[in-house]
Amino acid sequence: MDPPHLQPETLEERIIYWAIAGTWGFYLLGGLYILSPALGWSLALLAVCRRLGLAESTQIDLKPLPAGIWVWILSMALMAITLIVGHINFDLGIALTIKSFIGWMKGWALMAIFAFIGAAMRVRPAIIYRASGHLALQTLLITPFLMLAAKIGLPARLYVSPLQIVGGPGPEFFSVMLYTVEPTTGAARWLFFAPWAPAAACIASTAFVFALFERSAAWKITGIVAAIAVCLLSQSRMALVVVPLVLLLTLVLSNASHPVTFATFAVSTMVTLPFGQLIWQKFETLQNSFASARASSSRVRATLQNIAWHRWQNEAPYFGHGTVERGPHLVEYMPIGSHHTWYGLLYVKGLIGMLTLAIPMAWTLVELTAKAQADRTARCALGILLVLVMFSFGENLEILVYLFWPGMVIVGTAMKRPFRNPYRSRLGSGYSADLKPRYIHA
């Protein structure tokens with residue numbers, strides 16, 4: 001069991017711990033969007049220098065990188081090439097190409113960078129869980145003041161940080177917001193330290209997974225309560241589906257090698273098969289209710305997806321348009337290629353660009369599922385990946401990497417761990433040591 005006063009040991013652990021625990025401080029300075037690329041590329045450079053013998057590497061694991069990490073690195077590198085080809089095809093100019101390449105370095109590239117950091121450096125998962133717990137406690141203490149601010153009518157936006165001068169997707173990434181107001185209902189929604197409310201729910205969902213694997217009961221409860229509070233106050237419809245579904249899927253996939261899992265699946269299929277049409281009708285009703293809960297938002301998202309799909313097919317099927325484009329009044333001038341990871345990739349980077357994310361995510365999902373049968377860290381990483389996969393259908397992951405990067409460190413850590421036999425013998429008796437289902441946090 002991890003000690004209640006768990007402390008970082010290595011340089012990278014200290015840096016990552018304070019980067020997570022200091023999230024609210026960086027947010028108030030307007031520096032969160034700047035922190036993650038600076039942190040990621042600096043630690044990656046340090047890891048490379050250690051492997052080349054250019055930096056101190058005492059007690060540092062210098063084993064070869066696992067194949068899965070190379071899949072991430074090569075895929076994101078290919079995405080950068082696709083980005084450049086798209087700019088050339090549409091004659092977007094050198095200046096915009098350089099700007100987009102820098103955007104790639106601050107976005108998609110960080111998914112591979114932080115996975116590489118988790119695999120190449122010594123970062124204990126427990127440190128990330130504990131730092132997330134400290135952040136959760138801060139969030140719980142701050143939440144009543146955020147709610148009070150909306151109640152008494154304080155300005156929603158306090159200020160925009162002067163750090164905006166470094167450049168970014170928009171002022172919302174450097175703004176300090178107390179809350180926001182839903183235009184259609186006039187109700188308050190809370191963003192916490194995210195650029196918009198659903199993004200806060202996405203990060204809270206990853207924090208929920210971290211909390212499940214925290215060994216300290218006090219910090220576990222703190223993390224779970226804070227994550228649920230953020231999901232509820234952000235009023236994200238996606239989070240209401242993702243959190244319970246990730247909990248269930250992680251439990252099922254982590255026990256895929258157990259006979260009881262197959263038996264339960266077979267019995268469930270036999271029982272539900274006669275009611276297939278009724279279940280489908282109920283699913284459609286639930287889906288319609290989900291969309292009508294915020295009808296205007298659903299309409300804008302659906303229209304953006306249709307525009308992105310048709311323009312991708314007809315104009316740039318292989319390498320995409322190179323950059324997002326401001327949409328018409330019909331979609332409230334939202335950028336085409338936003339609000340959905342996969343439609344966005346198709347529109348901006350084409351089929352090849354979409355595959356550069358789909359392939360490493362599919363590889364990682366299969367690898368983590370196999371390792372999760374007997375590895376606790378892999379179960380956590382699997383839960384994180386499931387959160388990202390589900391939110392990829394409602395958010396653009398590229399723009400949120402600067403917030404969910406600790407999850408990619410856990411993914412990288414799990415990918416460097418060896419495969420273990422879930423049916424290893426105990427005391428040489430030949431009897432399976434683990435025939436009972438494994439809870440995801442056990």
Side-chain angles (χ1 to χ4, degrees), residues 15-16 19-20 23 26-27 31-44 69 71-73 75-80 82-83 99-119 123 128 131-132 135 166-170 172-174 191-196 198-207 209-210 238 242 324 335 337-342 344-345 348-349 353-354 356-358 360-361 364 381 383-413 415:
I15 292 174
I16 289 175
I20 298 172
T23 293
F26 289 112
Y27 171 70
L32 265 186
Y33 185 74
I34 304 171
L35 172 67
S36 60
L39 176 69
W41 286 100
S42 298
L43 286 178
I69 298 299
V71 170
W72 273 103
I73 293 172
S75 295
M76 294 304 104
L78 179 58
M79 183 184 288
T82 304
L83 176 72
K99 180 179 178 181
S100 296
F101 185 80
I102 294 174
W104 168 84
M105 292 180 66
K106 296 188 295 183
W108 291 120
L110 291 182
M111 294 190 73
I113 287 294
F114 281 110
F116 166 72
I117 289 169
V123 181
I128 293 181
S132 180
L135 175 59
V166 302
E172 61 270 27
F173 290 83
F174 300 92
L191 290 64
F192 296 88
F193 47 80
W196 45 78
C202 176
I203 307 311
S205 300
T206 62
V209 175
F210 288 156
M238 182 73 76
V242 168
V324 296
S338 62
H339 291 73
H340 196 290
T341 296
W342 305 105
L345 278 172
V348 177
K349 298 178 178 68
M354 188 273 289
T356 60
L357 179 65
M361 289 192 83
T364 307
I384 293 297
L385 188 67
L386 289 172
V387 169
L388 298 182
V389 169
M390 293 181 191
F391 268 97
S392 71
F393 294 96
E395 293 291 330
N396 190 337
L397 295 183
E398 175 191 19
I399 212 70
L400 298 182
V401 182
Y402 82 101
L403 292 174
F404 68 71
W405 62 265
M408 292 306 299
V409 176
I410 294 292
V411 168
T413 302
M415 294 182 79

For Phe114, all residues meeting ring-ring contact (aromatic ring centres under 6.0 Å, His included), sequence neighbours excluded: Trp405
Tyr33 vs Glu172 side-chain heavy atoms within contact, under 4.5 Å: no
Shortest non-hydrogen contact between Pro360 and Thr364, atoms and distance: O-OG1, 2.6 Å
Value rounded to 0.5 Å, distance of OG in Ser75 from CH2 in Trp108: 12.0 Å
Nearest atoms (heavy-atom pairs only) where Ser392 meets Trp342: OG-NE1, 2.8 Å
Shortest non-hydrogen contact between Ala200 and Phe192, atoms and distance: CB-CD1, 4.4 Å
side-chain contact (heavy atoms from CB on, under 4.5 Å) between Ile113 and Met76, intermediate numbers included: CA-CA 9 Å; Ile113 287 294; Met76 294 304 104; over 6 Å; no
Distance-minimising heavy-atom pair for Pro195 and Leu403: CD-CD1, 3.9 Å
Chi angles and distances behind the side-chain contact (heavy atoms from CB on, under 4.5 Å) call for Thr413, Val409: CA-CA 6 Å; Thr413 302; Val409 176; 4.3 Å; yes
Non-neighbouring partners of Thr23 that pass side chain to side chain contact (heavy atoms under 4.5 Å, CB included), sequence neighbours left out: Leu32, Leu135, Phe193
Side chain Thr341, main chain Glu398, donor-acceptor under 3.5 Å: no
Reported CD1-to-CD1 distance for the pair Ile117 and Ile69, which is rounded to 0.5 angstrom: 10.5 Å
Heavy-atom check, side chain of Tyr27 versus side chain of Leu35, under 4.5 Å: no
Trace of the side-chain contact (heavy atoms from CB on, under 4.5 Å) decision for Ile16 with Leu43: CA-CA 10 Å; Ile16 289 175; Leu43 286 178; 4.0 Å; yes
Heavy-atom closest contact (Ala199 atom, Leu400 atom, distance): CB-CD2, 3.6 Å
Close side-chain approach of Lys99 and Trp104, heavy atoms under 4.5 Å: no
Beyond-backbone contact of Thr356 with Trp72, side-chain heavy atoms, under 4.5 angstrom: no
Separation between CZ of Phe173 and OH of Tyr402, rounded to the nearest 0.5 Å: 5.0 Å
Note, Glu395 side chain near Pro198 side chain (heavy atom, < 4.5 Å): yes
Minimum side-chain heavy-atom gap Leu388-Met408 below 4.5 Å: yes
Leu110/Trp41 under side-chain contact (heavy atoms from CB on, under 4.5 Å): CA gap, chis, key distance, verdict: CA-CA 8 Å; Leu110 291 182; Trp41 286 100; 3.7 Å; yes
Side-chain heavy-atom pair Phe391, Thr206 within 4.5 angstrom cut-off: no
Main-chain N/O of Lys349 paired with Thr82 side-chain donor or acceptor, under 3.5 Å: no
Check: Phe174 and Val166 side chains under 4.5 Å, non-hydrogen atoms: yes
